[in-house]
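What follows is a single structure, written as structure tokens, with notes after it.
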Amino acid sequence: MQNKKLNSVMIILSVMVSFISCKTLPEKKIDSAYIMVYDYENSEVMNVALYLDDNELGKTDIYGRFTFPVDDEKVHVIKAVKEGYEKVEQEMILKPGILIYFKLGSGKYYAKEAEKLLDENKYGKALSMINNALKIEERKDWKYLKDVIIKRMEK
């Protein structure tokens with residue numbers, strides 16, 4: 001008999017705890033916009049500075065995510081900036097609940113792609129990729145790679 005009472009109390013406590021824990025979960029904010037930033041290898045990019053109409057909103061977390069409140073439905077310019085990556089901006093109408101994706105190419109990514117394309121004798125595409133890398137960061141090794149690509153194109 002005492003076992004039944006104990007079981008009943010345990011069940012009631014379990015139900016109450018699960019009820020309470022559901023109440024403590026944060027509610028999804030429907031008055032916010034959500035930003036997710038990834039690179040071209042589909043990895044999250046953290047510490048990306050985000051700007052709304054040239055005013056800094058903040059930076060992405062370790063998962064490449066950021067949330068901010070939206071209280072109007074008008075056209076805005078959103079910019080994503082991080083050293084070593086290309087700057088990306090997008091003009092859009094922000095609405096509560098909108099999910100915005102940014103893909104950022106890094107200089108290292110473009111240089112690596114240029115090397116692959118060079119190996120495949122795709123010189124025009126390789127030159128385009130290394131030029132993208134050099135726009136992000138002027139590096140001697142990338143300038144050298146560009147010279148190699150140009151020399152191969154001349155042959």
Side-chain angles (χ1 to χ4, degrees), residues 13-150 152-153:
L13 282 175
S14 296
V15 169
M16 287 176 64
V17 166
S18 64
F19 221 16
I20 291 169
S21 65
C22 288
K23 287 279 199 189
T24 61
L25 291 176
E27 291 182 39
K28 184 177 176 186
K29 296 178 183 175
I30 57 171
D31 63 341
S32 297
Y34 303 89
I35 297 177
M36 298 174 76
V37 182
Y38 293 91
D39 63 17
Y40 285 123
E41 296 172 309
N42 289 323
S43 296
E44 303 91 350
V45 184
M46 66 186 257
N47 291 324
V48 175
L50 299 166
Y51 297 86
L52 180 66
D53 301 327
D54 291 323
N55 298 312
E56 188 169 354
L57 289 170
K59 293 186 178 186
T60 57
D61 64 13
I62 64 170
Y63 303 107
R65 298 180 185 156
F66 186 80
T67 303
F68 64 100
V70 175
D71 57 3
D72 61 19
E73 288 191 24
K74 62 182 186 180
V75 177
H76 293 279
V77 175
I78 301 177
K79 219 181 301 184
V81 180
K82 180 172 175 140
E83 189 173 323
Y85 289 81
E86 62 192 335
K87 177 174 54 171
V88 177
E89 67 180 55
Q90 196 171 340
E91 186 176 276
M92 62 177 29
I93 296 174
L94 290 180
K95 297 178 181 178
I98 192 169
L99 179 58
I100 305 159
Y101 288 100
F102 281 110
K103 286 272 193 177
L104 303 181
S106 69
K108 290 178 183 178
Y109 168 80
Y110 286 122
K112 186 169 71 172
E113 289 299 306
E115 287 181 11
K116 282 187 209 172
L117 291 163
L118 178 63
D119 290 342
E120 297 169 5
N121 300 320
K122 297 178 180 175
Y123 306 124
K125 289 181 179 180
L127 184 59
S128 176
M129 287 291 173
I130 199 61
N131 282 334
N132 286 341
L134 287 167
K135 284 179 197 171
I136 295 167
E137 184 179 350
E138 291 282 327
R139 287 181 39 172
K140 288 180 183 178
D141 55 336
W142 294 349
K143 287 180 182 180
Y144 178 79
L145 179 57
K146 181 177 179 174
D147 290 342
V148 169
I149 294 167
I150 291 170
R152 294 251 184 108
M153 289 176 83

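Of all heavy-atom pairs between I136 and Y85, the closest is CG2-N, 3.7 Å. When every heavy atom of E73 is checked against every heavy atom of P96, the shortest pair comes out as OE2-CD, 4.1 Å. Across all non-hydrogen atoms, the minimal contact from A49 to E56 is CB-OE2, 4.0 Å. Considering all non-hydrogen atoms of both residues, T67 and S32 come closest at CG2-CB, 3.5 Å. Between Y38 and V45, the closest heavy-atom pair is C-CG2, 3.7 Å. Of all the heavy atoms in D39 and E41, the pair that sits closest is OD1-N, 2.9 Å.
Within a 6.0 Å sphere centred on CD of E120, heavy atoms belonging to other residues, nucleotides or ligands number more than 12. Heavy atoms from other residues, nucleotides or ligands lying under 6.0 Å from OH of Y144 number 12 at most.
The shortest side-chain heavy-atom distance between D54 and K79 falls under the 4.5 Å cut-off. With a 4.5 Å cut-off on side-chain heavy atoms, Y63 and M46 do not count as touching. Counting heavy atoms from C-beta on, the side chains of K82 and N47 come closer than 4.5 Å. The shortest side-chain heavy-atom distance between M36 and Y34 does not fall under the 4.5 Å cut-off. Inter-residue side-chain proximity for I130 and L118 is flagged as unmet; no heavy-atom pair is nearer than 4.5 Å. Between E137 and W142 there is a side-chain heavy-atom pair separated by less than 4.5 Å. Between D53 and Y51, the closest side-chain pair of non-hydrogen atoms is not below 4.5 Å.
The residues E115 and K112 are annotated as not salt-bridged, no charged nitrogen and carboxylate oxygen being separated by less than 4.0 angstrom.
Here the straight-line distance linking atom CD1 of I78 with atom CD1 of I35 works out to 5.0 Å at 0.5 Å rounding. In this structure, CD1 in I93 is found 9.5 Å from NE2 in H76, a value given to the nearest 0.5 Å. Taking CZ from R139 and CG from L145, the interatomic distance works out to 10.5 Å, rounded to the nearest 0.5 Å. The line from CG of L127 to CD1 of I150 is 5.5 Å long, rounded to the nearest 0.5 Å. Considering CG of N131 and NZ of K146, their distance stands at 4.0 Å, rounded to 0.5 Å. Atom NZ of K125 is separated from atom NZ of K116 by 13.5 Å, given to the nearest 0.5 angstrom.
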Worked verdict on D31 versus D71 for side-chain contact (heavy atoms from CB on, under 4.5 Å): CA-CA 7 Å; D31 63 341; D71 57 3; over 6 Å; no
Test side-chain contact (heavy atoms from CB on, under 4.5 Å) on E44 and I62 and set out the steps. CA-CA 7 Å; E44 303 91 350; I62 64 170; over 6 Å; no
Output a table of donor-acceptor pairs, distance under 3.5 Å, between side-chain atoms of residues 97-111 and any protein atom two or more places apart or on a different chain; print 'none' if there are none.
| from | atom 1 | to | atom 2 | distance (Å) |
| --- | --- | --- | --- | --- |
| K103 | NZ | N42 | OD1 | 2.2 |
| S106 | OG | Y109 | N | 3.0 |
| Y110 | OH | E86 | OE1 | 3.2 |
| Y110 | OH | E86 | OE2 | 3.0 |

